[in-house]
Amino acid sequence: MGQDGFETTINLIKLLLIFLAMIQAVPVLVWVERRGSAFIQDRFGPNRVGPLGLMQLLADAVKFIFKEEFSPNKSVRAIYYMAPVAALVPAALALGALPLSTPIHVAPFEWLGRSWGPYTFEMQSFDIPVGIVYVLAASSLGVYGLLLAGWGSSNKYSLMGALRASAQMMSYELSLGLSVVGTILVFGSLDFHTIIKAQEGFMHFHLFGSEIQIFLPNWGIFYQPLAAIIFVVAVFAESNRLPFDLPEAEGELVAGFHTEYGGFKLLLFFMGEYGHMIVASGLFSIFYLGGYGLPWVDTITVTEFFSGIFSHSTTASIVTSIFYLVLFLIKIALFIWLFMWVRWSLPRFKYDRLMDLGWKTLMPLALFNIILTASIMFLAHFIHWGV
Amino acid sequence: MVPLIAIMVITVLATLFGAALLFFVSKVGPKVKISEIKSLSYECGLVGEEKKSTKVSVKFYLVAILFILFDIEIIFLYPWAIIYNDMLTTNAVFIFSEMMVFMAVLLFGLFYVWRSGALRWD
Amino acid sequence: MLDLNEFMHIGIHHYIALSLILFAVGMMGVMIRTNVLIILMSIELMLNAVNLSFVTFSHYNKNFDGQIIVFFVMTIAAAEAAVGLALVVLIFKHVKTLNVRFFEKLRG
Amino acid sequence: MESSVLLFYVLAALILISAVGVISAANAIYSALCLVTTMFGVAGVFLNLGAPFIGAVQVIVYAGAVVVLFVMIVMLLDLKKKERPLQSRSVSSGIKVAIPALLVGIVVAAAQMSIDFATQEGAAQSGGFLVSTKELAQLLLSKYLFAFEAISLLILVVIVGAISLARSPGGTHVGPQ
């Protein structure tokens, strides 16, 4: 984790901070969702508790803490309590691998009478060489939370809800994996950093041997528009968000797999769901919106700009990293607002319509997108206009 | 070496966070009054009769089986996708045709699943 | 007595010993248990032990062939589990028990 | 006792304890969950041995798909009764333990021979680190091309097999014949 104590402690603190940021994001996102849905349905939403209802977050958290803790008598006690924890772990693991911003380069400095060598801190919990496949593996573990919850509470309806939710998650995971293959084809690497670096500057490609430059930013969405659409639909279904949240639909299955859960256990399920949403929006912005990058400007000019202002190199690199972090959070916030906007404006799918969409439209479409991209690149190379 | 320790630390952190707070909440919350009615499983208020295990739900295992099989085919797409761009310069026809055969077999499998009615969700 | 430093320095023998013990545990599972599901799970354990030794050899010989074969072993294991469990569901529908002893009742 | 040695023993303990848990759990659902922890342990060892792609694939294929099918089957067959995992009929269980012990002896010899054989050309005892996934992909699609295409045919056969099993007369998806 690091050559000496200083770097290891900083890495562990960074790890803890990113995990706590995900946990802390849940009340904020619940508040944004309630205010947003109120805005869409032309009503007020929570505004009693504190200014603009902001203290509502604290009120909810305290309410969840002091709720009565009980479990139905026929439930398998161990599995019943294991399910909420199993719903939280995959989101935390997946969020750890996303690169949040440019790395911070710390110049050697004097402290406590010792000279500490130069360090480079990655702005992510850990840097794994095969980033994409790891994040897909972590998000494929989300099924366990559902299955254990459905089975643990030994209630017919929650078992049915759990089975339907896991079948839906599995079918859409296939098209998610296939749509990601499209972007890997274009960028040619499984590592997040190379993909973000490849999406800098203006959109440029060879056409009939001459270099064409278009005003658009060099983002993945312009190379793979079809894959972007498939990714969005699959990610909506993957985190059980409307219009794909039939397993939890009040009308059909009471509350699906978390019928028997209340109080803090339900909050853990919410944390898992919102964590999954944050990871999904982070992935979308990395694959299709250029990650933490500025649209038309590449990172070198920005770092030079900031190192011009701040004399000390460490502060300059910290400021650039914070600048890019804010940019990345804006992109994630936009996509999370898309999650919520769709939730409060689209009706819910019927179950067979929902599964047919997954198997009979999204998967063939994603396979077609891969074949299309491969043949365009093949033709482009073959007659000398390479992408 | 570094990612493995970090992954283990995050898993332990997440499970500890969930379990510790669950335990803390059960200690802090009001005393649990176990009453026969309350601990019945939730049947929208009616007292549910205990039916034999639901036979209708057995259909879902076929989705899981098809998921495994198509998932393996996606796993084989990743290595090909990584080197496609580089291998285009060396032997383009070779790498392109190789994957088209693989995709044809995969598409035939999907088409068979579609036609055989395994994807009918009643 | 084993001198301590042999345990300190992790070499190829440690990884092969680990995969060996995992294989033995899987084999014991198949031998002792009578529940079909547990037998299938123990077979998965044995296949994982084989994967482990393949990756160890590929790591210590510094070539990628071992890892490629792990790819194919995983596919075979997943296909075997898929068909095996489809059979288990049909057997359970017919015979209502998961005990491996049901083979004794098959005649003809 | 630097971190890599400690890490190896932690992973080895995790794998072996959950593997024993798989074969000795009272209820099938607990052995399925122990199987998941074993898969995570083995994926961790792959990461440790410089094969991150294989580790991630292991988690996707095994932990994310195969064991989910096991858990689903356990749920569908609604196994609530606890069976005694290790029946203690003296003679037959004695034999059952003796035979694997014998086989393990044979396998130990085989393992020792394979290590000597594999490390003949002086593979460095100290582990060499190999990660580059591109090289792995190049090898997969050039030297092992035949196996690559054969695997897709195998998967097609298994798909057809699984579906015809489900649609056979006693199956769950019997269509309107």
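Remember, it's a predicted structure, so these values are computed and weren't measured experimentally. The sequence lines fix the lettering, A, B, ..., with proteins before strands; numbering per chain opens at 1.
- Counting heavy-atom pairs closer than 4.5 Å to chain C, the top residue among D/Leu139, D/Ile159, D/Val158, D/Val45 is D/Leu139.
- Ring pair C/His14/D/Tyr9 is perpendicular by interplanar angle, where above 60° counts as perpendicular and below 30° as parallel.
- Considering CG of C/Leu52 and CD1 of D/Ile15, their distance stands at 6.0 Å, rounded to 0.5 Å.
- Contact count against chain C (heavy-atom pairs under 4.5 Å) is highest for D/Ser31 among D/Ser31, D/Cys34, D/Ala65.
- In terms of non-hydrogen atom pairs under 4.5 Å with chain C, the most contact-rich of D/Ile155, D/Val42, D/Leu69 is D/Leu69.
- Contact of D/Ile54 with chain C is made through backbone and side chain together, with heavy-atom distances under 4.5 Å.
- Counting all heavy atoms, side chain and backbone alike, D/Leu136 lies closest to C/Ile68 at O-CD1, 3.5 Å.
- For the residue pair D/Ala51 and C/Gln67, the shortest heavy atom distance occurs at CB-NE2, 3.4 Å.
- Between C/Ile38 and D/Val22, the shortest heavy-atom contact is CG2-O, 3.9 Å.
- The two residues C/Ala86 and D/Leu165 have their closest heavy-atom pair at CB-CD1, 3.8 Å.
- For an aromatic pair to be called close, the ring centres must be under 6.0 Å apart, and C/Phe71 with D/Phe53 satisfies this.
- Among C/Leu20, C/Thr56, C/Asp65, the residue making the largest number of heavy-atom pairs under 4.5 Å with chain D is C/Asp65.
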Checklist entry - Would C/Phe92 and D/Leu76 count as a side chain to side chain contact (heavy atoms under 4.5 Å, CB included) if you check the C-alpha gap in whole Å, the side-chain angles of each, and the deciding distance to 0.1 Å? => result CA-CA 11 Å; C/Phe92 186 81; D/Leu76 294 184; over 6 Å; no
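- Your options are C/Leu40, C/Asn48, C/Ile16, and the one with the most heavy-atom pairs under 4.5 Å with chain D is C/Asn48.
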Next on the checklist: Please evaluate residues C/Ile32 and D/Ile23 with respect to the criterion side chain to side chain contact (heavy atoms under 4.5 Å, CB included), reporting the C-alpha separation (whole Å), side-chain torsions for both, the decisive distance (0.1 Å), and the verdict.
Outcome noted: CA-CA 8 Å; C/Ile32 289 176; D/Ile23 60 172; 5.9 Å; no
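- Contacts of C/Leu22 with chain D are made by both backbone and side-chain atoms, with heavy-atom separations under 4.5 Å.
- When every heavy atom of D/Leu35 is checked against every heavy atom of C/Met41, the shortest pair comes out as CD2-CG, 3.8 Å.
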Item to check | Intermediate values then yes/no, side chain to side chain contact (heavy atoms under 4.5 Å, CB included), C/Phe72 and D/Leu154 | outcome: CA-CA 11 Å; C/Phe72 297 133; D/Leu154 171 87; over 6 Å; no
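- The minimum heavy-atom distance linking C/Leu37 with D/Phe70 is given by the pair O-CE2, 4.0 Å.
- Interface check for chain D: of the options C/Val70, C/Val55, C/Val88, C/Thr75, the most heavy-atom pairs under 4.5 Å are formed by C/Val55.
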